[in-house]
Amino acid sequence: QVQLVASGGGSVQAGGSLRLSCTASGNIVSDNAIAWYRQLTGKQREFVARVALDGSTLAVDSVRRRFTGSRDNARKVVFLQMSRLEPEDTGVYYCNVPLSANWNQALHSWGQGTQVTVSS
């Protein structure tokens, strides 16, 4: 049974930064890519960024110049460094293992996520 727990959210002013952490436990495959998702107010959960085994990050256009992934594979922790945050980034952020065929879908059950609030 695999669990992925996102943490590190909080409230920041526009232009600020946050670093989210995704901690994996259970019998997860060690070389999985990990993806970040978010659910903005009144919208469905959406894909944000995929962090490969080496930490390289592929993200949607709206964030890719501002969000960078990294990971500590020995500790099974994946990070998302978010800089120059905008109010439009406000939402609940989740991590999961993305399906290879469709990154908008994930392999495991969703946790509670972590709230990111950006004020103007």
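Just so it is clear, the model here is predicted, and its values are computed rather than measured. The figures that follow rest on heavy atoms only: side chains count, while hydrogens, waters and symmetry mates do not.
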With hydrophobic residues grouped by side-chain heavy-atom distances under 4.5 Å, do Val2 and Tyr37 end up in a single group?
-> yes
Could you tell me which non-hydrogen atom of Asn96 sits nearest to which non-hydrogen atom of Ala106, and how far apart they are?
-> CG-CB, 3.3 Å
Closest non-hydrogen atom pair, Ser119 against Pro87 = C-CG, 4.4 Å
What residue pairs, at least two apart or across chains, pass side chain to side chain donor-acceptor pair (under 3.5 Å) with a residue in residues 6-21?
->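 Sorted pair list: Arg19-Gln81.
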Solution key, residues 42-52 side-chain donor-acceptor pairs under 3.5 Å, sequence neighbours excluded:
residue: Glu46; atom: OE2; partner: Arg38; partner atom: NE; Å: 3.1

Residue pairs involving residues 71-99 (criterion ring pair (Phe, Tyr, Trp, His ring centres under 6.0 Å); sequence neighbours excluded) = Tyr94-Trp110
Enumerate the residue pairs fulfilling disulfide bond (SG atoms under 2.5 Å apart) with a member in [range], sequence neighbours excluded, ordered by first and then second residue.
| range | value |
| --- | --- |
| residues 54-86 | none |
| residues 52-120 | Cys22-Cys95 |
| residues 43-78 | none |

Just so I know, are the side chains of [X] and [Y] near enough to count as touching, which here means a heavy-atom distance under 4.5 Å?
| X | Y | value |
| --- | --- | --- |
| Leu20 | Val116 | yes |
| Leu4 | Ile34 | yes |
| Leu53 | Arg71 | yes |

Roughly how far, to the nearest 0.5 Å, is the [atom2] atom of [Y] from the [atom1] atom of [X]?
| X | Y | atom1 | atom2 | value |
| --- | --- | --- | --- | --- |
| Leu99 | Gln105 | CG | CD | 5.5 Å |
| Asn32 | Leu107 | CG | CG | 7.0 Å |
| Asn73 | Arg75 | CG | CZ | 11.0 Å |

Partners of [X] by side-chain hydrogen bond (donor to acceptor under 3.5 Å, both in side chains), sequence neighbours excluded?
| X | answer |
| --- | --- |
| Gln3 | none |
| Thr117 | Gln115 |
| Glu88 | none |

Return each pair, listed once, that meets salt bridge (charged side-chain N to carboxylate O under 4.0 Å, His left out) where at least one residue sits in residues 107-118; pairs must be two or more places apart or across chains.
->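 Matches after skipping sequence neighbours: none remain.
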List, by chain and number, the other hydrophobic cluster members for Val5, where Ile, Leu, Val, Met, Phe, Trp and Tyr join if side-chain heavy atoms come within less than 4.5 Å, directly or indirectly.
-> none
What side-chain donor-acceptor pairs closer than 3.5 Å can you find for residues 56-68, not counting sequence neighbours?
residue: Ser56; atom: OG; partner: Asp54; partner atom: OD1; Å: 2.8
residue: Thr57; atom: OG1; partner: Gly55; partner atom: O; Å: 3.2
residue: Thr57; atom: OG1; partner: Gly69; partner atom: N; Å: 2.8
residue: Asp61; atom: OD1; partner: Arg64; partner atom: NE; Å: 3.3
residue: Asp61; atom: OD1; partner: Arg64; partner atom: NH1; Å: 3.3
residue: Asp61; atom: OD1; partner: Arg64; partner atom: NH2; Å: 3.4
residue: Arg66; atom: NH1; partner: Arg84; partner atom: O; Å: 3.0
residue: Arg66; atom: NH1; partner: Asp89; partner atom: OD2; Å: 2.8
residue: Arg66; atom: NH2; partner: Ser62; partner atom: O; Å: 3.0
residue: Arg66; atom: NH2; partner: Asp89; partner atom: OD1; Å: 3.1
residue: Arg66; atom: NH2; partner: Asp89; partner atom: OD2; Å: 3.4

